[in-house]
Amino acid sequence: MAATVCLVQGASRGIGLGFCRALLAKSSNTSVIATCRNPTAASELQSLQQQHPQQLSVLQLDVTDSRQIEEASKVVGDKYGHVDLMINSAGMLHPTGRGETGLKDVSAEGLDITLRTNAVGPLVMAKHFAPLLQKGEGVIGVQSSDYKSFHASVLVNMSAKVGSITDNGLGGWYSYRLSKAALNMATKNLSLELGRGRRKVICISMHPGTVDTALSRPYHKNVPNLFTVEDSVNQMMEVINSLTVDDSGKFLTYDRSELPF
Ligand SMILES: NC(=O)c1ccc[n+]([C@@H]2O[C@H](COP(=O)([O-])OP(=O)(O)OC[C@H]3O[C@@H](n4cnc5c(N)ncnc54)[C@H](OP(=O)(O)O)[C@@H]3O)[C@@H](O)[C@H]2O)c1
């Protein structure tokens, strides 16, 4: 049986690294490609690679650099020929590390880099990796005959509940909210374009919960139910493994409930 090929974009730490661990633990027949912008500084990813030298490859990729994305897609295409699951995990709250509390904190520079990292980068990833996803077969654990007959691989864009326009009752966090709302629109568009034809790709946006990582650290004291990376990733893996083509275009949480756009 051909190995399942999974690509995690933004795998140096946090949720992306957690996905690499979970995918490697799941099956010895899974190849994981972990991309990050500075592999030599990603010490935990390096030691994971040493534990799984056959299964885990690390590729340098800054998601704001379209040329690097295109080159990475060629490297992956030449080595593996297809991708069954791609997770766009890299993200940032704001270059200052804190979301804007109001208009006084808004800057074009802050908006620009947050949008490029959280929304533009994942869409350019989809552009270059769609042909490989369209050759994929789906992820291990998905046994539904419907699913397999559609040859549906999976694209997960890691979003955030605060990207929901409907759910926004507090305001603030302009850059992050804008970037995740834009990412959700990209997911919806991708689900339509990549849902046509026989080789479908299931495209979803996901909210991981509030997770104990560097990104959320300034706000931990206000969070009653802070997830560990492991718990959040395990729940999201269950959701991913349960997906069908009918779920494509949805904005799902770690517990599989659907969020409004
Ligand atoms: N943690 C939460 O509570 C939470 C809640 C909702 C949504 N999310 C989303 O979950 C995703 C993962 O976040 P996290 O919590 O794991 O955050 P994290 O621990 O701060 O990790 C962020 C990751 O993004 C990478 N990254 C940032 N800019 C990049 C770039 N230009 N190119 C490549 N990689 C880049 C970082 O790489 P470096 O190591 O090189 O900096 C790091 O691997 C994000 O999309 C975030 O918005 C998180």
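Index from 1, following the sequence. Side chains are part of it too, since the values below use all heavy atoms of this structure and drop only hydrogens, waters and symmetry mates. Remember, it's 1-based here, ligands and their atoms both numbered in the order they're listed.
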Throw together a table of side-chain donor-acceptor distances under 3.5 angstrom for residues 34-41, partners on residues two or more places apart or in other chains.
| unit_1 | atom_1 | unit_2 | atom_2 | d |
| --- | --- | --- | --- | --- |
| Asn38 | OD1 | Thr40 | OG1 | 3.0 |

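Checking Arg37, Arg13, Arg116, Lys161 against atom 28 (N) of ligand 1, the nearest heavy atom belongs to Arg37. Here atom 33 (C) of ligand 1 lies nearest to Leu61 when heavy atoms of Val8, Leu61, Leu93, Thr35 are compared. For atom 23 (C) of ligand 1, the nearest non-hydrogen atom from the set Gly16, Ser179, Gly91, Gly121 belongs to Gly91. Looking at Asp62, Asp212, Asp65, Val229 and measuring to atom 31 (N) of ligand 1, the nearest heavy atom belongs to Asp62.
The shortest heavy-atom distance from Pro208 to ligand 1 is under 4.0 Å. Residue Phe227 places no heavy atom under 4.0 Å from ligand 1. Between Ser159 and ligand 1 there is a heavy-atom distance shorter than 4.0 Å.
Within 6.0 Å of CD in Gln54 there are 12 or fewer heavy atoms belonging to other residues, nucleotides or ligands. Other residues, nucleotides and ligands place more than 12 heavy atoms under 6.0 Å from the CG atom of Leu192. Heavy atoms of other residues, nucleotides or ligands lying less than 6.0 angstrom from CE of Met185 number 12 at most.
Residue Tyr176 has at least one N or O atom closer than 3.5 Å to an N or O atom of ligand 1. Considering backbone and side-chain N/O atoms, Thr117 never comes within less than 3.5 Å of an N/O atom of ligand 1. On a distance-only criterion, Lys180 and ligand 1 share at least one N/O pair closer than 3.5 Å. Considering backbone and side-chain N/O of Met92, none are found under 3.5 Å from N/O of ligand 1. On a distance-only criterion, Asn38 and ligand 1 share no N/O pair closer than 3.5 Å.
Looking at Asp212 and Arg217, their side chains come closer than 4.5 Å, going by heavy atoms from C-beta outward.
Side-chain N/O atoms of Asp84 and Thr4 include no donor and acceptor closer than 3.5 Å. In this model, no donor atom of one side chain and acceptor atom of the other lie less than 3.5 Å apart for Glu137 and Ser153.
Against a heavy-atom cut-off of under 4.0 Å, Gly14 is close to the following atoms of ligand 1: 16 (O), 19 (O).
Hydrophobic cluster membership for Leu183: none, as no Ile, Leu, Val, Met, Phe, Trp or Tyr side chain comes under 4.5 Å of it.
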